[in-house]
Amino acid sequence: MSKKVLIGVAWPYVNGDIHVGHLGGYLLPADIIARFHRLRGDDVLMVSGSDCYGTPITVEADKKGLRPEEVVDIYHKKDLELFRMYGLDYNLYTKTTTQKHKEVVHELFLKLLDNDYIEKGVMQQYYSIDDKQFLPDRYVEGTCPYCNASNQRSDQCESCGRWLKDGELIDPVSKLTGSKVTLKDTEHYFLNFEKLEPQLREYLDANKGNWKKWVWNEANGWLKEGLQRRAITRDMDWSIDLPIEEIKKRDESKQLKDFTGKHIYVWFEAVIGYLSATRAWCEMEEGTPDTIFKREDGQSRNWEDWWKRPDSVIYNFMGQDNLVFHALMWPGQLMGLNDGYQLPKYVVVNKFLNYEGKKFSKSRNWTIDSKVIAEKYGVDLVRYYIARNLPENKEGNFTWEDFVASVNNELVANLGNLVNRTLTFIQNKFSGEIEVEQILPTGALSSSMTFERVSGYLSGFANAVDEEEFQNGPWIVKAFDEIMELSRKGNVYFDQMKVWQMIKEDENEAKVILMNLVNLIYDLGILIYPFLPETSNKIMKLLNVDVVSTKVGSDLWTNSNHKVLNEIKLAEIELLFNKLDPEKVLAEKDNSD
RNA sequence: CGCGGGGUGGAGCAGUGGUAGCUCGUCAGGCUCAUAACCUGAAGGUCGUGCGUUCGAAUCGUACCCCCGCAACCA
């Protein structure tokens, strides 16, 4: 039976456009790892969706004069379109507003309540008497007690930078209506993380070797500091409601005095999406227009295969702002269920990708529209550049200058050139057709080592090559390096063999060498599939062989498993990539200033 | 002492005790099948600063300087 691999990709908030930073931070890395595992024949389930609830959505809705549902619709649709365009290969991309999600959230809530990890508590929150409702911090403004700046948020003064405690803000008023607000006691449910600390300790210790060092350290820092109970409900309408009827069947000690207006907090609910989406996918027959849906032959439809089998592997991908939620909170929620759930094995976090040295910022109009750049330059050029610059350990930087240099000097000059010079040669000298008895085993060209090393980096598993190097994987940038190095070796081989001379001296020998190169290109077409799927397809089409098509249980990755080409009949030759015009591309920089 | 990360040739990075590496750029040479692409070679770094440990430190300790992320309702 094939290995079960769950790829949980952080759920993007639907309050704004996805920019290149999001792609590099977690969307693309997740897709690369998912595609890699599919190539190995694993039963991969990559799930995610739009995170639809919470104040960021309502704030955006207010700004646009729309209802939250409308904002969700607009961005969910845009995101779907973008992800399809980039070939992000989700098995299910859904959203948190589905009935199924709500059911699963309720189920988990009740289970945690019954297991005594959820308890009641009282906190203070701003309350508008006139509007008769509690207000989230973002909806309250007043005067900063330190610098007397007016119209400041209740949590932090933008003017002097000070963090404010509840109640410090002078003359707080509702941002919506301007009516006066006061702090008022409000009863909520809390998740008791203190109780989970010993288990979380064990969890971190067990996964030390699986996470990048800085990720582990950061999580460890949080845990060392001590976790506190954390509110999982709030007074906010645009959220999933509580399963009140069910709660009322419980003991009175588990019930709030007043359930009016109480809803589930988004941080508690959104991560449950990984589970609810898995279950939804298992039950669905086919996708709907508001989802991305994919099911391969041979995939299991039993959700417990991914969530409860001890040999299943769970990955989570996210930006660094999500680290604590995925490294501690979500595992804590799962532990509290006490029901045999597998915990995420790889918590894969990247830092931020900056844009020309500065943070991407929508409000300051400092951003690259993912859709526009892909339309202009092609999805794979963007995927290439981002994948080569992933902020795996420190912040990355997107610069147009670097983009041009990377594409022209590395991708085009190395891989593009190897493919083009080899195929053109075969086309010109042999009308695109060659057949040989067998290809030569050549040390320099042996790519089995590359397959192994790339696997090591992508899966984080140290195998035969060098254990030290593979610690704290997955390492996508290093894996890509290996592939480009193999491509470079092809160029060296072409030169060393002096193919253009050899053809005059020994035509058969030249054919063998060319066939070696064809096989190398074929291997590269497979190796590159997780990174540049369009390019992989293009290579296979040029070679006139089947494009990569993954199947559960069939390992197309392992070098010894895929076929060796002894004959070839090329399709019409085109360039894999076109060089970029530096002047045109660098003009982008001025446009965004 | 809030938590965490980083400071290595022009740029971006790898390297955690034993002659400082990679990609790009630069310079020189070679080749001509290839998108002025490819191949070979060279130049270029006192590894943020001081002190210390050690036979020996980019790598360990310590003090300091600088940059950055997070800090629980900006997931």
Side-chain angles (χ1 to χ4, degrees), chain A residues 10-13 15 51 53-56 59 123 125-126 135-140 153-156 163 166 193 212-225 227-231 234-236 265-271 318-326 328-330 351-352 354 359 363 388-389 391-397 399 401-402 405-406 408-410 412-414 416-429 468-469 475 477-478 481 484-485 488 490-503 510 514 517 573 575-580:
Chain A
W11 294 48
Y13 244 134
N15 64 337
D51 187 356
Y53 293 114
T55 39
V59 167
M123 63 190 288
Q125 197 173 350
Y126 286 107
L135 292 171
D137 274 0
R138 311 258 309 227
Y139 284 94
V140 175
R153 273 159 51 183
S154 59
D155 53 346
Q156 185 186 20
W163 288 90
D166 280 350
F193 278 106
K212 278 182 278 194
K213 221 159 125 190
W214 73 265
V215 173
W216 193 88
N217 283 345
E218 188 129 338
N220 191 46
W222 286 101
L223 191 58
K224 268 199 309 209
E225 227 175 84
L227 299 175
Q228 285 157 27
R229 65 176 201 173
R230 201 183 150 100
R234 69 190 316 199
D235 301 290
M236 156 99 196
Y265 214 140
V266 63
W267 75 262
F268 176 84
E269 154 266 304
V271 282
M318 76 221 69
Q320 59 180 333
D321 50 345
N322 258 326
L323 192 151
V324 177
F325 291 93
H326 286 80
L328 296 171
M329 309 286 179
W330 171 232
K351 303 233 167 189
F352 286 130
N354 291 327
K359 246 176 130 169
S363 55
R388 296 286 275 157
N389 285 282
E392 291 185 303
N393 275 325
K394 52 174 76 172
E395 289 187 8
N397 202 6
T399 71
E401 204 180 344
D402 210 35
S406 255
N408 286 355
N409 302 334
E410 297 173 19
V412 176
N414 184 353
N417 182 48
L418 174 68
V419 172
N420 188 238
R421 74 197 293 203
T422 305
L423 301 192
T424 307
F425 196 89
I426 295 173
Q427 183 65 46
N428 292 343
K429 307 293 178 185
E468 289 292 311
E469 285 185 58
W475 289 113
V477 173
K478 283 187 179 179
D481 265 345
M484 295 309 285
E485 176 59 22
R488 199 187 72 82
N491 277 318
V492 173
Y493 180 72
F494 201 112
D495 272 46
Q496 281 178 347
M497 292 298 127
K498 296 196 187 349
V499 188
W500 57 94
Q501 266 181 33
M502 181 168 296
I503 193 166
L514 286 166
L517 284 162
I573 296 179
L575 294 177
L576 269 192
F577 318 101
N578 289 303
K579 275 197 134 185
L580 298 176

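Throughout, protein chains are lettered first and strands after them, A, B, ... in sequence-line order, and every chain is numbered starting at 1.
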Q.
Is Trp500(A) stacked against the base of U32(B), taking the criterion as centroid distance under 5.5 angstrom and interplanar angle under 30°?
A. no
Q) Who does A28(B) pair with, Watson-Crick or G-U, both distances under 3.5 Å? A) U40(B)
**Q.** Minimum-distance nucleotide (side-chain atoms of Gln320(A) versus U35(B), A72(B), G69(B))
**A.** G69(B)
Q. Within the pair Asn409(A) and G25(B), is there a side-chain N or O less than 4.0 Å away from OP1 or OP2?
A. yes
Q) So, is Arg488(A) near the phosphate of C22(B), with a side-chain N or O under 4.0 Å from OP1 or OP2? A) no
Q: Quickly work out the Asn417(A) CG to A36(B) P distance and round it to whole Å.
A: 9 Å
Q: Using the C1' atoms only, state how far G9(B) lies from G25(B), rounded to an integer number of Å.
A: 12 Å
Q. Is the Lys NZ or Arg CZ of Lys429(A) less than 6.0 Å from the centre of Phe425(A)'s six-membered ring, within 45° of the axis?
A. yes
Q: Pick the P atom in U53(B) and in A58(B), then give their distance to the nearest Å.
A: 16 Å
(Q) Tell me the interatomic distance from Asn491(A), atom CG, to A37(B), atom P, rounded to whole angstroms. (A) 13 Å
Q.
With rounding to the closest Å, how many angstrom separate the C1' atoms on C31(B) and C67(B)?
A. 46 Å
**Q.** Atom P, compared across U16(B) and C33(B): separation rounded to whole Å
**A.** 45 Å
Q.
Could you tell me the Watson-Crick or G-U partner of C33(B), where both distances fall under 3.5 Å? Say none if there is no partner.
A. none
Q | Euclidean distance, atom CD of residue Glu269(A) to atom P of C73(B) [Å, nearest integer] | A | 15 Å
Q) Under the 3.5 angstrom rule, does the side chain of Tyr13(A) hit a backbone N or O of Tyr53(A) as a donor-acceptor pair? A) yes
Q: Would you mind reading off the distance between Lys478(A) atom NZ and C13(B) atom P, rounded to a whole angstrom?
A: 14 Å
Q) Quick one: is Tyr265(A) getting a side-chain N or O under 4.0 Å of the C73(B) phosphate, OP1 or OP2? A) yes
Q. Does Asn420(A) or Lys351(A) map to a spot on RNA chain B nearer the 5' end, using the closest nucleotide for each?
A. Lys351(A)
Q: Please confirm whether any donor atom in the side chain of Arg234(A) sits under 3.5 Å from an acceptor in the base of C73(B), or the reverse.
A: yes
Q: Could you state the atom-to-atom distance from CH2 of Trp475(A) to C1' of C22(B) in whole Å?
A: 16 Å
Q | Lys/Arg N to Asp/Glu carboxylate O, Arg421(A) vs Asp495(A), below 4.0 Å | A | yes
Q. Which listed nucleotide (C70(B), U32(B), C38(B)) is nearest to the side chain of Gln501(A)?
A. U32(B)
Q: Return the value, rounded to whole Å, for the distance between atom CG of Asn322(A) and atom P of C73(B).
A: 13 Å
Q | Under 4.0 angstrom between Arg388(A) side-chain N/O and C24(B) OP1 or OP2 | A | no
Q | Non-hydrogen atoms of Met123(A) and Ala231(A) that approach each other most closely | A | SD-CB, 4.2 Å
Q | Rounded P spacing from U32(B) to G18(B) in Å | A | 45 Å
Q: Please give the nucleotide sitting opposite G4(B) as a Watson-Crick or G-U wobble pair, both distances under 3.5 Å, or none.
A: C68(B)
Q. Out of U23(B), C38(B), A72(B), which nucleotide sits closest to the side chain of Glu410(A)?
A. U23(B)
Q. Should G61(B) form a Watson-Crick or G-U wobble pair with both distances under 3.5 Å, which nucleotide is its partner?
A. C51(B)
(Q) Set out, in order, the CA-CA distance, both residues' side-chain angles and the distance that settles side chain to side chain contact (heavy atoms under 4.5 Å, CB included) for Arg388(A) and Asp481(A), then state yes or no. (A) CA-CA 8 Å; Arg388(A) 296 286 275 157; Asp481(A) 265 345; 2.6 Å; yes
Q | Interatomic distance where CG belongs to Asn15(A) and C1' belongs to C73(B) [whole Å] | A | 14 Å
Q. Considering only A34(B), C38(B), C73(B), which nucleotide approaches the side chain of Gln125(A) most closely?
A. C73(B)
Q: Tell me the partner of A11(B), counting only Watson-Crick (N1-N3 plus N6-O4 or O6-N4) or G-U wobble (N1-O2 and O6-N3) with both under 3.5 Å; none if nothing fits.
A: U23(B)
(Q) Roughly how many Å apart are G21(B) and C47(B), using the P atom of each and rounding to a whole number? (A) 15 Å
Q) So what does Asp51(A) hit on the nucleic acid, given a heavy-atom distance under 4.0 Å: a base, only sugar-phosphate, or nothing? A) base
(Q) Does Val492(A) reach a base, just sugar-phosphate, or nothing at all? Heavy atoms under 4.0 Å. (A) sugar-phosphate
Q. Distance-only, no hydrogens or angles: does the Asn408(A) side chain make a donor-acceptor pair with backbone N or O of Lys579(A) under 3.5 Å?
A. no
(Q) Test your reading of the model: is there a side-chain donor-acceptor pair from Lys212(A) to the backbone of Glu392(A), 3.5 Å cut-off? (A) yes
(Q) Regarding Ala413(A), tell me which of base, sugar-phosphate or nothing describes its non-hydrogen contacts under 4.0 Å with the strands shown. (A) sugar-phosphate
(Q) Nearest to the Phe325(A) side chain among A75(B), C33(B), C73(B), which nucleotide is it? (A) A75(B)
Q. How far does the C1' atom of U59(B) sit from the matching atom of U19(B), given to the nearest Å?
A. 15 Å
Q. Reckon Val271(A) touches a base, only the sugar-phosphate, or nothing at all at heavy-atom distances under 4.0 Å?
A. base
Q. What interatomic distance, in whole Å, is found between C1' of G12(B) and the corresponding atom of C73(B)?
A. 38 Å
Q | Phosphate OP1/OP2 of A37(B): any Lys579(A) side-chain N/O under 4.0 Å | A | yes
**Q.** Any donor-acceptor pair under 3.5 Å from Asn414(A) side chain to Met484(A) backbone
**A.** yes
Q: Could you please name the option among A72(B), C38(B), U35(B) that lies closest to any side-chain atom of Leu227(A)?
A: A72(B)
Q) Atom CD of Glu395(A) and atom P of G12(B): how far apart are they, to the nearest Å? A) 13 Å
